[in-house]
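Inspection log for the structure reproduced underneath, given as structure tokens.
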Protein chains: 2
Amino acid sequence: MKEIRVLLVDDHPVVRAGLRAMLTAFEGISVAAEAADGDAALKELERLRILGDRVDVVLMDLQMGAGMDGVTATSRIRQLEGPPPVLILTTYDTDADILAAVEAGASGYMLKDAPPEQIHQAVLAAAAGQTALAPRVAALLMDRISNPAPSLTPREIQLLELLATGLSNRAIAKRVFISEATVKTHLVHIYGKLGVDNRTAAIAAATQRRIIRGPGTQG
Amino acid sequence: MKEIRVLLVDDHPVVRAGLRAMLTAFEGISVAAEAADGDAALKELERLRILGDRVDVVLMDLQMGAGMDGVTATSRIRQLEGPPPVLILTTYDTDADILAAVEAGASGYMLKDAPPEQIHQAVLAAAAGQTALAPRVAALLMDRISNPAPSLTPREIQLLELLATGLSNRAIAKRVFISEATVKTHLVHIYGKLGVDNRTAAIAAATQRRIIRGPGTQG
DNA sequence: GGTGGGGTCAACCGAATGGTTGACCCGGAG
DNA sequence: CTCCGGGTCAACCATTCGGTTGACCCCACC
């Protein structure tokens, strides 16, 4: 049986070391290379391709402090010729992350607190071209299918972002050159789509669903 | 020179494996035991004590999915007789977290994305009874000293966090078993300290200054 | 034994927000 | 062409929020 060669992508050296130790403890798995962000991952893939080295699975973290984030890295990788399956291994099971990753072409989604054997199985499944979802993630996806995603208009998202900066309705109105009445109209629509009934809850909901970046979340 | 014996406390098997691999790669450091949460950590310390085993440093994650969280675990450990120094190793550099950890008796605060050598040095420093702060954390503290610290009370921070989840004054009042009037009083104090004049701006300001984590940023 | 800070609460008022209805314009889909 | 959705605006009203004043309790500190 061929050995499965894995590319680790995570910005934490600690986690990379952990994955390396954990995976190499299993028979038939080796770590081809490591990368700290999406850019480095793509370069590593290119480098290994030139060397004629095989990469059977990319193990990717979604949250990365600097550099290309996991979702865009995933989609970039999937746009290569004969791309390796990308298995997401992340800390959070929050909503939009998962959808974004799946849309980007991820073939699996595991959580970091999973026991080693589960991660092992997921890597095997991914290498075999199958899909591997953590139970919690699977449940979340099912939930999301039943609950249709609210699609906000660009204008609504714009107002939502201004909202999150702490501006009042009047201030928002001045900022985008519309009347306060219009701002309120938009907000009502936004509340309806997000299933909330006040501005702070809207910010919380929108941030949670990654519709906007949280207040103060710069960079 | 005596070998430094470390107790790892982290709910992620991956991270524990990583720390183990990373630390044991250095001379003079060994991993005495591992624990997945605060409860287990205390039990491990007790068990090792009975066995006559030494623990020179506790390496503790703050965020733990289930079981006792890192801050209370830290204070519990520091209440033991001849307690080992507790070195916090976590993902976030939020103010509230850091302050709480320091108050609980942590002797260091490192971030998980730190390079191995930095973590190594921090463990050595902690074992020697010194304080070790990640550069980013140290910078944050310095910044806090120069910048007239808004110095919110724990209660105010608590309300601020609830505020950020989108709760109304009444809902917050119910949640913490106080009257709506009291909530308003606290909010007025918070607005004053943050230099804002409404709740959304307070959330934005508090998030920006890392007094709280942004809405939807659960971990 | 004050003094002060933190936490609690009530009553009050003006301002802002939430929510509704109805209306107009415009551009693209059918 | 008609219909519909997005965007704009006005008027209205109930509710909530923002802010003040004054008060009480408790506890740590001097």
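Chain letters run A, B, ... following the sequence lines, proteins first, then strands; residues in each count from 1. For clarity, every value in this text was computed on a predicted model and none was experimentally measured.
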For a quick test of reading the model: is some side-chain N or O of [X] closer than 4.0 Å to OP1 or OP2 of [N]?
X: Thr153(B); N: dG7(C); answer: yes
X: Thr182(A); N: dG7(D); answer: no
X: Asn198(A); N: dG18(C); answer: no
X: Arg155(B); N: dT8(C); answer: yes
X: His189(B); N: dG6(C); answer: no
X: Tyr191(B); N: dG18(D); answer: yes

Item to check | Arg20(B) and Asp10(B): CA distance, side-chain angles, deciding distance, salt bridge (charged side-chain N to carboxylate O under 4.0 Å, His left out) verdict | outcome: CA-CA 11 Å; Arg20(B) 176 182 283 274; Asp10(B) 197 306; over 6 Å; no

Can you tell me how far [atom2] of [N] sits from [atom1] of [X], to the nearest Å?
X: Arg170(B); N: dA14(D); atom1: CZ; atom2: C1'; answer: 12 Å
X: His186(B); N: dT8(C); atom1: NE2; atom2: C1'; answer: 7 Å
X: Glu156(A); N: dG6(D); atom1: CD; atom2: P; answer: 7 Å
X: Leu187(A); N: dG7(D); atom1: CG; atom2: P; answer: 13 Å
X: Ile190(A); N: dT17(C); atom1: CD1; atom2: P; answer: 14 Å
X: Asp197(B); N: dC17(D); atom1: CG; atom2: C1'; answer: 11 Å
X: Glu180(B); N: dC13(C); atom1: CD; atom2: P; answer: 17 Å
X: Leu163(B); N: dT16(D); atom1: CG; atom2: C1'; answer: 13 Å

Does a salt bridge link [X] with [Y], judged by any charged N lying under 4.0 Å from a carboxylate O?
X: Glu46(A); Y: Lys43(A); answer: no
X: Lys112(A); Y: Asp61(A); answer: yes
X: Glu156(A); Y: Lys193(A); answer: yes

Next on the checklist: Counting only heavy atoms from other residues, nucleotides and ligands, does the tally under 6.0 Å from CZ of Arg54(B) exceed 12?
Outcome noted: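 Yes.
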
Checklist outcome for this item: Double-helix bend of the helix from dG1(C)-dC30(D) to dG30(C)-dC1(D), axes at both ends from 5 pairs, round to 10°, gives 40°

Side chain of [X] only, please: which of [options] is the nearest?
X: Lys184(A); options: dC17(D), dG19(D), dG18(C); result: dG18(C)
X: Val188(A); options: dT8(C), dA10(D), dT20(C); result: dT20(C)
X: Arg199(A); options: dT16(D), dG18(D), dG18(C); result: dG18(C)
X: Ala181(A); options: dC9(D), dG18(D), dG7(C); result: dC9(D)
X: Ser179(B); options: dA10(C), dG7(C), dT17(C); result: dA10(C)

Checklist entry - On DNA chain C, nearest-nucleotide positions of Thr185(B) versus Thr185(A): which is more 5'? => result Thr185(B)

Checklist entry - What's the spacing between Ser168(B) OG and Glu180(B) CD if we round to 0.5 Å? => result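 One finds 7.0 Å between OG of Ser168(B) and CD of Glu180(B).
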
Checklist entry - What distance do Ile157(A) atom CD1 and Ile190(A) atom CD1 have between them, rounded to the nearest 0.5 Å? => result 9.0 Å

Quick one: are [X] and [Y] in side-chain contact, heavy atoms under 4.5 Å?
X: Leu62(B); Y: Tyr109(B); value: yes
X: Leu163(A); Y: Ile172(A); value: yes
X: Arg76(B); Y: Thr74(B); value: no
X: Leu42(B); Y: Ile77(B); value: yes

Item to check | Sorted by number, the residues of residues 171-178 of chain B with heavy-atom contact under 4.0 Å to DNA chain D | outcome: none

Checklist entry - Is the base of dC17(D) touched by the side chain of Ser168(B) through a donor-acceptor pair closer than 3.5 angstrom? => result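 Checked by distance alone, the answer is no.
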
